[in-house]
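Only one structure is covered here, and it is reproduced in the block below.
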Amino acid sequence: MKRVWGGWSCGVLMLAAALVGLSALTAGAQESRGITVSGEGVAEAMPDVMELAAKIDGNAQLAGDALEKFRGNKKRFVDALKRLGIEGLSIVDSGPSVNSGTPANPMAAFQGGQVDETKMPNSVGFQEELTVTLSGVDKMQAEDLLRSLTLIIDAAKDAGVNLSASPISMIQAQFQGAKPTSLATYRLSQPDAAKQQAYEAALASARAKAERLAQLAGLKLGDIVSIRETAPGAQGDDDNGGMMGAYLTLMTGAAGKEKTEYTSGEFKKIPVAASLSVQFDTVKKQLPLRRE
């Protein structure tokens, strides 16, 4: 009985292994079915939001005095902007933070990243990052936008507050290179329409590639089997394309950090890109019937 059971068990195992191998071959055949190509598309849109960053602080030996200074500085800044009466102008709070001790030279420490800068002993500091936002800039003339920006900068300086640009993505910072840092950041807050156009262009590009390949192979292009979004450049024709896609993904993050994904240091159209991997079915061309 043991020998019969052992033989039966061995046969079952061999049959299972064969079925697994057949399934793997079938799956491989299904995955390689048709033609898979990549397509990329780009659409451009004007930014609709201008942003500036403001840092409010208040420092003193006693926490109560520091808080009073901080509140006074913030109120003076907010009131100065409200008096401008600019339509679409708003301020977004980020929430204050409290630090024990402040750098003797805060500006030098901020610009040079000197976290170990000598600190004032036994002092307390309240700080908050504010974002000054002007919406609807895509509907403004360039001259009107410059006038509004000038008023905002002057009002901030009168209130004793220095403005700086809001963060942009690392990719855009590298593309900007040695250009002077812009004081304002321009952002596309609603990229859906441009994204849709980029998708359509990417799909059209993929279809054109697939049709050329099918024609070379003597096949006829069929329906779309599958479609998925990829990182720009990830499906490139060479290794450089894949490396660029990985680099973009690494720098911008999985979701691109919408805050900095569609931003620019210049008031001009912002590109919105889409990349797709599309698999098409193929069928053999029917040969014309011969008449005898």
Side-chain angles (χ1 to χ4, degrees), residues 42-57 73-97 106-113 127-195 251-253 255-273:
V42 178
E44 295 183 331
M46 287 297 293
D48 59 319
V49 173
M50 181 183 72
E51 294 180 340
L52 302 98
K55 186 176 182 180
I56 307 296
D57 56 17
N73 293 338
K74 181 176 180 179
K75 183 178 186 304
R76 184 164 57 252
F77 174 61
V78 172
D79 290 345
L81 294 183
K82 287 182 178 180
R83 285 195 297 268
L84 296 177
I86 299 177
E87 185 178 357
L89 185 63
S90 61
I91 301 175
V92 179
D93 301 343
S94 63
S97 62
M107 185 56 65
F110 176 75
Q111 292 178 347
Q127 297 178 346
E128 184 175 12
E129 296 285 348
L130 302 180
T131 302
V132 180
T133 301
L134 180 60
S135 59
V137 297
D138 56 325
K139 301 178 178 62
M140 298 176 63
Q141 298 293 329
E143 188 63 30
D144 295 334
L145 178 59
L146 290 176
R147 186 181 301 109
S148 297
L149 179 58
T150 301
L151 292 174
I152 295 171
I153 295 173
D154 290 344
K157 286 189 174 182
D158 290 341
V161 176
N162 291 321
L163 299 175
S164 62
S166 296
I168 60 177
S169 68
M170 295 179 66
I171 294 295
Q172 290 160 338
Q174 291 191 3
F175 284 156
Q176 183 171 306
K179 292 182 180 179
T181 303
S182 173
L183 187 60
T185 299
Y186 301 94
R187 181 166 57 89
L188 180 61
S189 65
Q190 298 179 346
D192 292 347
K195 193 73 172 179
M251 290 299 177
T252 58
K257 306 298 182 185
E258 294 183 0
K259 178 71 175 178
T260 58
E261 187 175 6
Y262 304 115
T263 58
S264 173
E266 300 176 358
F267 185 57
K268 63 180 183 181
K269 289 184 177 181
I270 295 177
V272 178

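In this chain, numbering begins with 1 at the start of the sequence shown.
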Val161 vs Lys74, side-chain contact (heavy atoms from CB on, under 4.5 Å): CA-CA, chis, key distance, verdict
CA-CA 9 Å; Val161 176; Lys74 181 176 180 179; over 6 Å; no
Going by heavy atoms in the side chains, are Leu130 and Val92 under 4.5 Å from each other?
no
Is any side-chain heavy atom of Phe77 closer than 4.5 Å to a side-chain heavy atom of Ile56?
yes
In the structure I gave you, are the side-chain heavy atoms of Leu52 and Thr185 within less than 4.5 Å of one another anywhere?
no
Side-chain donor or acceptor of Thr133 paired with backbone N/O of Ile91 under 3.5 Å:
no
Close side-chain approach of Gln127 to Ser97, heavy-atom, < 4.5 Å:
yes
Min side-chain heavy-atom separation Ser148-Met140 under 4.5 Å:
yes
Looking at Asp192 and Lys195, is any side-chain nitrogen of the basic one under 4.0 Å from a carboxylate oxygen of the acidic one?
no
Check Met46 against Lys268 and note the closest heavy-atom contact, atom names and distance.
SD-C, 3.7 Å
With sequence neighbours left out, the residues meeting side-chain hydrogen bond (donor to acceptor under 3.5 Å, both in side chains) with Asp158 are none
Answer yes or no: is there a donor N or O on one side and an acceptor on the other, between the side chain of Asp48 and the main chain of Ser189, under 3.5 Å?
yes
Tell me whether Glu128 contacts the main-chain N or O of Gly95 through its side chain, where contact means a donor paired with an acceptor under 3.5 Å.
yes
Would you indicate whether Glu44, at its atom CD, is surrounded by more than 12 heavy atoms from other residues, nucleotides or ligands within a distance under 6.0 Å?
yes
